[in-house]
Amino acid sequence: LKMSSFLIWPTMRLAQCRSKDLNHVSNYYASLMVAFVKDILGIIPLSIFSTLTTIVDINENGLLNMPGRVEICTLEKYAQSEKRHKLAKITYELSMITEGILGMGK
């Protein structure tokens, strides 16, 4: 469903009968559409920055610093598979949000 149909369908009959209320009805639906778009666009920065905050938190507080030399028996401790998997998953989510934003410009 295109955003233009949001304005066209409610006003089509009014335009056909040349109603003097067409302008008021068009303004009403246009204001509804603007409010809807503002709500949707307001969610994007919240999603991006909450995801970035989680990524930074995992990088700063969740992962152990890797020493220059690691014994084989302690290697599993430094691998931190679950935390790295979570970091990769969240980074992928951020890339999907970014692709969506870039796709909006096309």
Side-chain angles (χ1 to χ4, degrees):
L1 183 66
K2 292 185 178 182
M3 294 298 279
S4 63
S5 64
F6 184 76
L7 291 173
I8 291 171
W9 289 109
T11 59
M12 186 180 349
R13 283 301 215 184
L14 291 172
Q16 287 174 347
C17 68
R18 301 187 200 293
S19 174
K20 54 187 169 188
D21 293 328
L22 177 63
N23 194 25
H24 297 294
V25 173
S26 295
N27 287 339
Y28 172 74
Y29 281 105
S31 67
L32 287 179
M33 187 170 68
V34 168
F36 174 73
V37 170
K38 280 183 179 180
D39 288 344
I40 296 300
L41 292 179
I43 293 170
I44 294 171
L46 292 175
S47 298
I48 289 174
F49 287 112
S50 67
T51 305
L52 282 173
T53 302
T54 307
I55 290 171
V56 168
D57 185 50
I58 292 172
N59 277 331
E60 295 294 320
N61 303 323
L63 298 176
L64 296 173
N65 290 331
M66 190 82 161
R69 290 182 166 247
V70 178
E71 294 183 26
I72 292 176
C73 60
T74 61
L75 189 58
E76 187 176 332
K77 172 185 164 189
Y78 288 106
Q80 304 174 34
S81 298
E82 290 114 25
K83 290 180 183 178
R84 292 190 187 279
H85 179 265
K86 183 178 179 183
L87 181 63
K89 184 178 176 183
I90 293 170
T91 304
Y92 175 75
E93 289 173 8
L94 183 62
S95 72
M96 290 292 100
I97 292 170
T98 305
E99 278 188 26
I101 292 170
L102 292 174
M104 289 168 58
K106 292 181 179 179

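Since the structure is predicted, the reported quantities are computational estimates derived from the model, not experimental observations.
You'll find the side chain of Ile40 reaches within 4.5 Å of the side chain of Phe36, heavy atoms only.
Once rounded to the nearest 0.5 Å, the distance linking NZ of Lys86 with OG of Ser81 reads 15.0 Å. Of the inter-residue distances, the one linking Arg84 atom CZ with Ile58 atom CD1 reads 11.0 Å to the nearest 0.5 angstrom. Atoms CD and NZ, from Glu71 and Lys77 in turn, are 10.5 Å apart once rounded to the nearest 0.5 Å. The structure places CG of Asn59 at 11.0 Å from OG1 of Thr54, a figure rounded to the nearest 0.5 Å. Considering CG of Leu63 and CD of Gln80, their distance stands at 5.0 Å, rounded to 0.5 Å. Atom-to-atom distance recorded for Leu32:CG and Asn27:CG is 11.0 Å, nearest 0.5 angstrom.
Scanning for side chain to side chain contact (heavy atoms under 4.5 Å, CB included) contacts around Pro67 gives Val70, Tyr78, with sequence neighbours left out. Applying the side chain to side chain contact (heavy atoms under 4.5 Å, CB included) rule to Leu52 yields the partners Ile48, Phe49, Leu94; only residues at least two apart in sequence or on another chain are considered. For the side chain to side chain contact (heavy atoms under 4.5 Å, CB included) test, residues two or more places apart in sequence or in another chain that qualify with Thr91 are Ile55, Leu87.
There is a path of hydrophobic side-chain contacts, each under 4.5 Å, that joins Val25 to Met33.
Closest of all the heavy-atom pairs between Gly42 and Pro45 is O-CD, 3.5 Å.
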